[in-house]
Structure formats: structure tokens, C-alpha cells
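The structure appears below as C-alpha cells.
All of these numbers come straight from a predicted model, not from anything done at the bench.
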Amino acid sequence: MTLYVFLGPTLRAHDARALLDAQVLPPAEMGDVCALATLPEPPRGVLIIDGYFDSRPAVWHKEILFALSRGIPVWGAASMGALRAVELRRFGMVGVGSIYERFAAGALNDDDEVAVAHAPAELGYRPLSQALVNVRFALDLAVERGVVGPLAAAATIEAARRLFYPDRIWPAILERAARAGLGEGARRALAAFVAGEDVDLKARDARALLRAAAALPELPAPAVDFAFERTTLFERMMEREVPLRRRALLERAERAARGA
């Protein structure tokens, strides 16, 4: 039985494989979890880090519930995985990491916090923008270490928040913050700080998820206290989408195993 990890821009696949013996798959999309849950050999667990949400239909809550109802552990962290884990925690999905905890506590509440633009699969899903949650983490660290004061940090976070998620790169964020009143000294200090520090909270949480799974001989079976109901839309997805997604996932997993 195999562990499967849905991963894209948050962490490099080879970094993930160094932490956990698992099949690394592309970011999750609609039908993927059901495709794994209906394999002849069920997964030991499904770990969701990254998932599509804009260019392709996002992974459904319903299919995660389906996997949980079949006794398959589903854990999430860092990005789409953290969002779905918060939304489905009372149904047995497990969340890991600071981002999950912040959403669960209500400190974060917008999906936009974890959104990034990224390169295609051929370029390793390289992130092309900064997640807002990473910007917040960087500014918290900058205040803690005395790089800037709380007011400058708050202005910079607000500048990032007002940018569309693909446009959130540090030069654009700091330029917008400067137009809103961030001083030149603070702008330069922040630019140097983020260039020299590890401010990638999403990557940290992804590693925490992988290490947590690696530390266990088996992922615990989900605590399920609900009856799964098969709806018309769910059956339609199972009929039309899942066979295609299962074939695509297995083909990509085989290519990844060969190092392609």
C-alpha cells in the first residue's frame, strides 16, 4: 500500500521524497482523490499540500469525504490541503502546521492567503508569486527582529493584500507599500531581509506534514461518524471524471518513478 502526496509549487518533489517514502503527484484537482480511493489497492493515506483552484476544478469536499468514509486517512497542510483540512476536520481529515492552525482559529479566513501563480509541470510548478500568508510571516519575523516597526509591517501587508495574487512579488509589494507611505529606509531593509531569510511558511508546513507522516508506521484510520451519501453530481463525477483522472495519475506516477 502506498502513500500519495499532491504537491506542486509549495515544495520540490525531490525534497518531499527525501522526507517521506511516497508517490508524489501533481496538485490535486476534481476527481483525483476519488481516483485514488477506488484503486484496486487502496492508499495507505492521501496527503494534500497543493491543489488547483483557478485553471482547473478544485478537489471536491465530497470526494475527500468519500475517501474518509472508506477508511483512508486524508491529511492536509500548507495550501489547499490546509483549507480542506479546516473545512473537513470534524469529519476526520487531519490538518498539520501553522497555516492550518491559523485558519482553524479564525486568524485567517480567506482562501486568497495561500494562492500563488506557478509555472507548468514541465518547469516543476515553480512558484511565480508570493503567498499572502508567507508575506504575513515575513513581516511578523521582521518586526520580531527589529527590522521594521509594526506600523510599517501592517502597511506592507495591506499593500500585498490589495494586489491580485499573481502580482504578489516582493518588488511589487514593496513598491506599492512605498507609494502608501513606507519609508525608503524601511523598504530597503525589508528587501534585504526577505532576500536573506527563510520566510516560506508554506514550505515549512509542507515539511512538517511529511515528517509527521514519516514518523508513524501507519497513518491512523480516520475517526468517521457520518454516513456518506452518494448524490447525482457525485455519481456523475465518478462516471465521467474519475476514470480519466485515475489513468492520468497512474501515468504521471510511473513517469515520476522512472525519473522522467
Side-chain angles (χ1 to χ4, degrees), residues 2-20 22-37 43 45-61 63-64 67 73-88 93-103 108 110-135 137 165-166 168-169 199-214 241 245 248-249 251-253 255-256:
T2 305
L3 280 172
Y4 292 89
V5 181
F6 289 104
L7 182 64
T10 296
L11 195 67
R12 293 179 180 178
H14 69 81
D15 292 333
R17 294 189 188 100
L19 295 171
L20 179 67
Q23 281 281 11
V24 178
L25 298 172
E29 60 182 277
M30 185 183 72
D32 283 347
V33 172
C34 272
L36 293 180
V46 176
L47 309 184
I48 302 174
I49 295 173
D50 289 309
Y52 286 103
F53 66 94
D54 190 356
S55 59
R56 304 181 191 183
V59 58
W60 277 13
H61 302 78
E63 59 185 304
I64 296 174
V74 184
W75 289 19
S79 195
M80 178 64 77
L83 299 178
R84 291 291 184 263
V86 169
E87 294 155 348
L88 298 174
M93 187 172 177
V94 174
V96 173
S98 177
I99 296 169
Y100 164 78
E101 291 168 359
R102 294 181 190 192
F103 272 105
L108 300 174
D110 192 340
D111 292 4
D112 178 60
E113 292 280 345
V114 298
V116 297
H118 61 80
E122 294 75 15
L123 297 176
Y125 302 103
R126 182 171 62 86
L128 301 177
S129 63
Q130 292 289 331
L132 184 54
V133 70
N134 282 353
V135 175
F137 179 61
Y165 79 87
R168 287 184 187 131
I169 58 175
V199 295
D200 194 341
L201 185 60
K202 288 180 67 175
R204 290 188 182 198
D205 278 9
R207 292 188 187 98
L209 173 69
L210 298 171
R211 290 189 181 108
E241 303 295 333
R245 297 307 309 147
L249 288 172
E251 288 173 355
R252 291 190 181 189
R255 287 200 300 271

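By the 4.5 Å heavy-atom criterion applied to side chains, Pro73 and Val94 are not counted as neighbours. The shortest distance between side-chain heavy atoms of Val135 and Arg168 does not fall below 4.5 Å. Contact annotation: the side chain of Val33 approaches that of Phe6 to within less than 4.5 Å [non-hydrogen atoms, C-beta and beyond].
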List, one per line, each side-chain donor-acceptor pair under 3.5 Å for residues 79-88, sequence neighbours excluded.
from  : atom 1 : to     : atom 2 : distance (Å)
Ser79 : OG     : Lys202 : NZ     : 3.2
Arg84 : NE     : Val59  : O      : 3.1
Arg84 : NH1    : Glu87  : OE1    : 3.0
Arg84 : NH2    : Val59  : O      : 3.1
Glu87 : OE1    : His61  : NE2    : 2.7

For residues 116-133, which side-chain donor-acceptor pairs fall under 3.5 Å, sequence neighbours excluded?
from   : atom 1 : to     : atom 2 : distance (Å)
Ser129 : OG     : Ala117 : N      : 2.9
Ser129 : OG     : Tyr165 : O      : 3.2

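Applying the side chain to side chain contact (heavy atoms under 4.5 Å, CB included) criterion to Ala37, with sequence neighbours excluded, gives Phe66, Ala67, Arg70, Ile72. For Asp32, the salt bridge (Lys or Arg N to Asp or Glu O under 4.0 Å) partners two or more places apart in sequence, or in a different chain, are Arg245. For Ala16, the side chain to side chain contact (heavy atoms under 4.5 Å, CB included) partners two or more places apart in sequence, or in a different chain, are Leu7, Leu11, Val24, Leu210. For Arg102, the side-chain hydrogen bond (donor to acceptor under 3.5 Å, both in side chains) test picks out Ser98, with sequence neighbours left out.
Side-chain N or O atoms of Glu29 include none that pairs as donor or acceptor with a backbone N or O of Tyr52 at under 3.5 Å.
Atom CG of Leu201 sits about 10.5 Å away from atom OG1 of Thr10, to the nearest 0.5 Å. Of the inter-residue distances, the one linking Leu36 atom CG with Thr2 atom OG1 reads 10.0 Å to the nearest 0.5 angstrom. Interatomic distance, CG of Leu108 versus CD of Glu113, reported as 4.5 Å (0.5 Å rounding). Note: Arg56 CZ to Met30 CE = 12.0 Å, rounded to the nearest 0.5 Å.
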Legend entry - side chain to side chain contact (heavy atoms under 4.5 Å, CB included) between Tyr100 and Asp205, worked out: CA-CA 9 Å; Tyr100 164 78; Asp205 278 9; 5.8 Å; no

Legend entry - Test salt bridge (charged side-chain N to carboxylate O under 4.0 Å, His left out) applied to Asp200 and Arg207, step by step: CA-CA 11 Å; Asp200 194 341; Arg207 292 188 187 98; over 6 Å; no

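When all heavy atoms are compared, the tightest approach of Ala78 to Ala206 is CB-N, 4.0 Å.
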